[in-house]
Amino acid sequence: MFTGKGAIISPSAILGKNVRIGDRTIIYDNVEIGDNTVICNDCIIGEPLTAYYKDTDNYNNPKTIIGADSLVRSHTIIYAGNTIGDHFQTGHRVTLRENTIIGSHCSLGTLDDIQGNSRFGDYCRLHSNVHIGMHSVLGNFVFVYPYVVFTNDPTPPSDNLMGPSVGDYTQIATGSVLLPGIKIGKHCVIGACSLITKDVDDYMLAMGSPAQPVKNIREIIDRSTGKPHYPWPYYFDRGMPWSGVGYDKWKNETEK
Amino acid sequence: MFTGKGAIISPSAILGKNVRIGDRTIIYDNVEIGDNTVICNDCIIGEPLTAYYKDTDNYNNPKTIIGADSLVRSHTIIYAGNTIGDHFQTGHRVTLRENTIIGSHCSLGTLDDIQGNSRFGDYCRLHSNVHIGMHSVLGNFVFVYPYVVFTNDPTPPSDNLMGPSVGDYTQIATGSVLLPGIKIGKHCVIGACSLITKDVDDYMLAMGSPAQPVKNIREIIDRSTGKPHYPWPYYFDRGMPWSGVGYDKWKNETEK
Amino acid sequence: MFTGKGAIISPSAILGKNVRIGDRTIIYDNVEIGDNTVICNDCIIGEPLTAYYKDTDNYNNPKTIIGADSLVRSHTIIYAGNTIGDHFQTGHRVTLRENTIIGSHCSLGTLDDIQGNSRFGDYCRLHSNVHIGMHSVLGNFVFVYPYVVFTNDPTPPSDNLMGPSVGDYTQIATGSVLLPGIKIGKHCVIGACSLITKDVDDYMLAMGSPAQPVKNIREIIDRSTGKPHYPWPYYFDRGMPWSGVGYDKWKNETEK
């Protein structure tokens, strides 16, 4: 890896210090990559929009920004027009369509398909094979598990798209589907295979198809410990900014 | 792109006028590609069947046809033995197995997995990550949304496969699964996350797991406009042949 | 294919007799591949773990073993640290993370995503787009159909992961989700789109969301023949070791 074999880097691309580009990876026009970032083999960064194929000569590629200290794994395709923060990480074969804004410390899993025109806060983690439809909004610390789909068209087909929005710290378990325009609050937990057809209030566990509110997340008991597990920032800190500090202390300092 | 780096094109392939082939794309024996079609980087067109790996020397690749004015995006794999009409479009990393017939103006989304031996009419649109099992039949103007699966084996494992069939204009929303041999009529709407266990009559909205018929699609109200939205061809025409003409007028002229 | 263009093979890799390596495929350090195995184009075998990207110079790649007579189709990524038996087969774009042990005669379908630290018996068949979370255990002859997910975190996010386990001969139909730590017995059939929230006894048909036991699999009737179909080894033998012998005879001889 990083033998430089067959990589193509546009003369207009701006690479930070210590950036490594994998074999056969293509960096298109107007891409900016921050210091120490690794782009692995066979990636496409700044993939041109459809207009490029129709009139290649007159096409002008929108700016694409990937922050510092990031790791983009092999076969990932990031379209032009995205702005991504520092400490970004992907699995393999991620597709990120155009015009999405992603905060810092976010990760996208293998086979994730982000359809564009969406917005992610900081520290979002999407596991493998998540599909985010256009116009979705994710807060900070939103974790999404495999095979979850965010939809956006209430009367398909139409051009009246409305993305779902999800509040800070919310966890959306495997196989759940969010209907168009749904709002899920902060610190919620959505059970596996739920179909979210109505808004979900802050701090609620909701589940089922269609999903119903079940109880306050503070009442969920971790069967292995017999203790509560939510709000989860009190019980989990791997890779989180409150790691080694404690959530309350970090929160108080952050909110100052 | 289209620097010709590392592309391999079989001498027996027939490329129309103005065809562009991306870097490292492989065009195997007996492939025919229509005028103005673009095949992007890292695609495989005419992927040989399993027999090739067992006896490479005596293998004869079946004919593969892709129509004119098509756009096949990067990392797509189209097996030998497929016949695809004009104005075909794919997302990235589509897999299309052998012996499927696809009409004109169809599109397959990123990560779609079409298992072969199926038949698509004209103007079908499959969104990302749709799985079509063998022996499926789609009419014209069938739109299928992400994570829908067409199954085909009622008693797995067996060799007694029966694909589902779907009528003209039907819309199948995100995450639905069609059981083997199911027949869905024309102008139907299937709600998100439905499990289709029984045939669905023309013009029905069906939803649930297992799905039940709910009402005639003409009774569905678009909440944003307060008006009906189905049959959808009266309310949506982007990319459709009745665009700028009106559905009734187009239909009358087509049926003459 | 197999023109050797751009393939990179580590000097420490051990390739058996008659092994063929596709174009641009990368074989990393400490990979062992058995006789007659075919690795197609654009694969990565022995993909380094995350530590490699952090300190490339001091990284030592764990051993990766792929058995004889195997066929790994294009764009598949197999991480370092896996041990895979003979007669292994994959579709395209499979991802197999580290430290999984896979028996002989297993196949993984297109887009399968195996998260690592799992264990498969012999003759397991995973169809397309299956996601196996870490710490899962599959017996022998377990068949899994598209869009099935094995989960492992009962209180996400946490580091308290518990994979599901599935007994010999069990069939898990399309779109089902197994909750963390669930145990499914042997010779079970799980219906499509089931959410498995409780353990399932041997020889049971279970289905629904949440799934309920429905009946003994011996009572399932194949509608096309009017006869039973389970236990399936009496009715299906393609590619199975009892093919041409009969299941009972094979079983008696095996158990001697």
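Every chain is numbered from 1 and lettered A, B, ... according to where its sequence line falls, protein lines coming before strand lines. On a predicted model such as this, the values are computed, not experimentally measured, just so you know.
Under a cut-off of 6.0 angstrom, the local environment of CZ in C/R119 is sparse, with at most 12 non-hydrogen atoms contributed by other residues, nucleotides or ligands.
A donor-acceptor contact shorter than 3.5 Å is absent between the side chain of A/H229 and the backbone of C/P156. A/R93 places a side-chain N or O within donor-acceptor distance of the main-chain N or O of C/H75, the cut-off being under 3.5 Å.
Using a 4.5 Å heavy-atom cutoff, the side chains of C/S158 and A/Y235 are not in contact. Looking at heavy atoms from C-beta onward, C/T50 lies in side-chain contact with A/R73 at the 4.5 angstrom threshold. Using a 4.5 Å cut-off on side-chain heavy atoms (C-beta onward), C/T155 and A/Y230 make contact. Taking 4.5 Å as the limit, every side-chain heavy atom of C/M162 sits out of range of all side-chain heavy atoms of A/S224.
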_Stepwise ring pair (Phe, Tyr, Trp, His ring centres under 6.0 Å) check, C/Y79 with A/H92_ = CA-CA 12 Å; C/Y79 271 67; A/H92 303 281; 5.6 Å; yes

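Ranked by heavy-atom pairs under 4.5 Å with chain C, the first of A/G208, A/S209, A/P146, A/G175 is A/P146. The candidate from C/N129, C/L179, C/L195 with the greatest count of non-hydrogen atom pairs under 4.5 Å with chain A is C/N129. If you tally non-hydrogen atom pairs under 4.5 Å between each of A/V189, A/T225, A/T174 and chain C, the highest count goes to A/T174. Between chain A and the options C/T56, C/D42, C/L111, C/D159, heavy-atom pairs under 4.5 Å are most frequent for C/D159.
Nearest heavy atoms, C/Y53 versus A/V38: CD2-CG1, 4.1 Å. The two residues A/R24 and C/G6 make their nearest non-hydrogen contact at NH1-O, 4.3 Å.
Neither the backbone nor the side chain of A/R125 has a heavy atom closer than 4.5 Å to any heavy atom of chain C. Looking at A/F143, the atoms closer than 4.5 Å to chain C (heavy atoms on both sides) all sit in the side chain, from C-beta outward.
Remark: C/N160 CG to A/F236 CZ distance equals 11.5 Å, nearest 0.5 Å. Rounding to the nearest 0.5 angstrom, the gap separating the OG1 atom in A/T110 from the CG atom in C/D113 is 5.5 Å.
In this structure, a donor-acceptor pair under 3.5 Å is absent between the side chains of C/E47 and A/S74.
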